[in-house]
*Asks:* 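Quick one: this structure, given as structure tokens, is what I'll be asking you about.
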Amino acid sequence: MKFEGIYTPAITPLDAAGNIDQAAFAEVLEYLIANKVHGIIIGGSTGEYYAHTLQERFDLAKQAKDVIGGRVPLVVGTGAIRTEDSVALGSMAKDIGADAVLVGTPPYALPTQAENAAHALAVDKAAGLPIMLYNYPGRMNMTMEREFFETVLSASKNFVAIKESTGRPEQLHMLVHDFPQLQVSCGWDDQALEFFAWGARSWVCAGSNFLLAEHIALYQACAVEKDFDKGRKIMNAMLPFMDFLEGGKFVQSIKYGCELAGLKAGGVRLPLLGLDETEKTELAAIVAKLKADVAAVAA
């Protein structure tokens with residue numbers, strides 16, 4: 001499987017009672033497809049998988065497959081503390097006909113490289129699908145390192161891509177130089193330009209839930225047109241937004257951005273709390289300027 005373009009880790013809308021709003025979820029998926037997303041990820045961090053029951057995750061993935069059909073690739077996240085739960089999610093992804101699975105490090109347990117590889121291989125055995133690894137030590141407190149990659153890549157050909165989210169340029173360089181068989185996808189937004197310069201062909205970006213055209217514009221400029229002068233201008237326009245997201249209320253900001261785009265996002269599940277009015281006003285202003293600036297560059 002080739003990962004190319006913008007892959008959106010879709011939000012999970014909630015109703016007033018805090019339950020998953022299935023109708024609004026379908027609208028989010030249709031909105032992304034109508035706006036030319038290249039692929040959709042369900043059950044990622046932006047989707048608040050950590051706050052969902054296992055049954056809710058099964059139901060969301062099945063609904064996503066029903067709504068999307070085969071119009072764009074569907075990637076199902078398998079992140080969980082227990083390997084048994086990740087295996088169950090991988091098996092379910094296979095059963096519903098997903099195109100790929102996202103496999104990260106189990107949080108909190110702090111597995112060794114060998115233990116983490118065994119976890120990933122267990123999910124692979126259950127899913128039998130192309131795998132995009134998810135390397136995000138900021139949330140998992142553990143980094144996938146050389147030993148991990150050597151183990152899983154020698155054991156299975158299903159490991160085809162990685163969402164690289166360490167924020168460390170040397171990690172990107174190591175992956176590109178030493179493991180060229182692994183497609184590198186940008187998972188650290190403010191380094192998207194660098195990822196594309198090093199040959200990345202895809203970008204998994206939460207902001208594309210509501211700023212899809214702008215994220216596609218950067219991908220198009222850098223990965224397709226190879227016009228990095230244009231890409232730098234687009235990235236410069238996007239940096240204030242990326243800085244805002246790093247202010248500590250990431251999912252809340254993405255969900256409010258979706259509301260600005262006319263989608264029903266609802267709130268967030270505890271322990272998270274929504275943006276206050278000052279934060280909403282600041283984000284709205286940043287988004288408006290970003291859209292205007294990127295439109296000017298694209299024109």
Side-chain angles (χ1 to χ4, degrees), residues 6-21 23-38 40-41 44-48 51 138 165 167 186-193 203-221 230-299:
I6 300 299
Y7 276 68
T8 300
I11 64 163
T12 305
L14 303 177
D15 62 22
N19 298 313
I20 293 174
D21 189 331
F25 181 57
E27 290 176 2
V28 166
L29 300 178
E30 292 291 357
Y31 172 86
L32 292 172
I33 294 171
N35 285 278
K36 309 301 182 184
V37 75
H38 298 97
I40 295 174
I41 298 175
S45 302
T46 306
E48 301 175 83
S165 303
C186 178
W188 198 266
D189 289 347
D190 65 6
Q191 292 179 2
L193 202 70
W203 182 10
V204 180
C205 39
S208 63
N209 271 280
F210 65 96
L211 289 170
L212 186 51
E214 290 72 22
H215 286 75
I216 289 176
L218 184 61
Y219 162 76
Q220 183 71 26
K230 181 179 179 181
R232 278 189 291 273
K233 293 175 184 177
I234 296 173
M235 175 60 83
N236 189 56
M238 297 181 79
L239 283 175
F241 169 66
M242 295 175 180
D243 289 342
F244 185 91
L245 289 183
E246 294 303 317
K249 292 186 176 180
F250 189 91
V251 176
Q252 301 95 313
S253 300
I254 298 300
K255 280 198 156 181
Y256 183 65
C258 289
E259 295 278 355
L260 292 174
L263 295 168
K264 297 176 182 177
V268 288
R269 282 190 170 171
L270 296 172
L272 302 185
L273 301 172
L275 301 184
D276 61 33
E277 292 306 315
T278 299
E279 291 165 334
K280 289 179 179 179
T281 299
E282 182 180 357
L283 179 57
I286 290 172
V287 168
K289 188 174 189 304
L290 183 161
K291 291 174 76 70
D293 289 349
V294 173
V297 173

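What you see is a predicted model, and the numbers here were worked out from it, not measured in a lab.
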*Asks:* Applying side-chain contact (heavy atoms from CB on, under 4.5 Å), run through Glu246 and Asp190 and close with a yes or a no.
*Replies:* CA-CA 10 Å; Glu246 294 303 317; Asp190 65 6; 5.7 Å; no
*Asks:* Might you work through the side-chain contact (heavy atoms from CB on, under 4.5 Å) test for Ile286 and Asp243, ending with a clear yes or no?
*Replies:* CA-CA 10 Å; Ile286 290 172; Asp243 289 342; over 6 Å; no
*Asks:* Closest heavy-atom contact between Leu212 and Asn35?
*Replies:* CD2-O, 3.3 Å
*Asks:* Is a donor on one side and an acceptor on the other found under 3.5 Å between the side chain of Gln252 and the backbone of Leu273?
*Replies:* yes
*Asks:* How long is the gap from CG on Leu283 to OG1 on Thr278, to the nearest 0.5 Å?
*Replies:* 12.5 Å
*Asks:* Are more than 12 heavy atoms from other residues, nucleotides or ligands located less than 6.0 Å from atom NZ of Lys230?
*Replies:*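 More than 12 heavy atoms, drawn from other residues, nucleotides or ligands, come within 6.0 Å of this atom.
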*Asks:* Do Asp276 and Glu282 make a side-chain contact, defined as non-hydrogen atoms from C-beta onward lying under 4.5 Å apart?
*Replies:* no
*Asks:* Taking atom SG of Cys258 and atom OH of Tyr31, what is their separation to the nearest 0.5 Å?
*Replies:*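 Answer rounded to 0.5 Å: 7.5 Å.
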*Asks:* Rounded to the nearest 0.5 Å, how far does CG of Leu275 lie from OH of Tyr256?
*Replies:*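 Taking OH in Tyr256 and CG in Leu275, the distance rounds to 8.0 Å.
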*Asks:* Would a distance-only check, ignoring hydrogens and angles, find a side-chain to backbone donor-acceptor pair under 3.5 Å from Glu48 to Ile11?
*Replies:* no
*Asks:* What distance do Asp293 atom CG and Leu239 atom CG have between them, rounded to the nearest 0.5 Å?
*Replies:* 11.5 Å
*Asks:* Between Asp21 and Ala265, is there a donor-acceptor pair closer than 3.5 Å when you use the side chain of the first and the backbone of the second?
*Replies:*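 Checked: no pair found.
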*Asks:* Do you know which two heavy atoms are closest between Met238 and Val294, and how far apart they sit?
*Replies:*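 Looking at all heavy atoms of both residues, the shortest contact is CG-CG2, 4.4 Å.
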*Asks:* Can you name the nearest heavy-atom pair linking Ile216 to His38, along with the distance?
*Replies:*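 That would be CG1-CE1, 4.2 Å.
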*Asks:* Kindly determine whether Ile20 and Arg269 satisfy side-chain contact (heavy atoms from CB on, under 4.5 Å), including the steps that lead there.
*Replies:* CA-CA 10 Å; Ile20 293 174; Arg269 282 190 170 171; 4.1 Å; yes
*Asks:* Looking at every heavy atom in both Val37 and Thr8, which two are closest together, and how far apart are they?
*Replies:* CG2-OG1, 3.3 Å
*Asks:* Is there a donor-acceptor contact under 3.5 Å from the side chain of Glu27 to the main chain of Leu263?
*Replies:* no
*Asks:* Roughly how far apart are Leu211 CG and Ile6 CD1, rounded to 0.5 Å?
*Replies:* 11.5 Å
*Asks:* Grab the two heavy atoms, one from Gly47 and one from Thr12, that are nearest each other, plus how far apart they are.
*Replies:* O-OG1, 2.8 Å
*Asks:* Distance check, rounded to the nearest 0.5 Å: Glu279 atom CD versus Lys249 atom NZ?
*Replies:*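 Reported value, rounded in 0.5 Å steps: 3.5 Å.
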*Asks:* Which pair of non-hydrogen atoms, one from Gly231 and one from Leu218, has the smallest distance, and what is that distance?
*Replies:* O-CD1, 3.3 Å
*Asks:* Return the set of residues passing ring pair (Phe, Tyr, Trp, His ring centres under 6.0 Å) with Phe241 (not counting sequence neighbours), or none when no residue passes.
*Replies:*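 Here the qualifying residues are Phe210.
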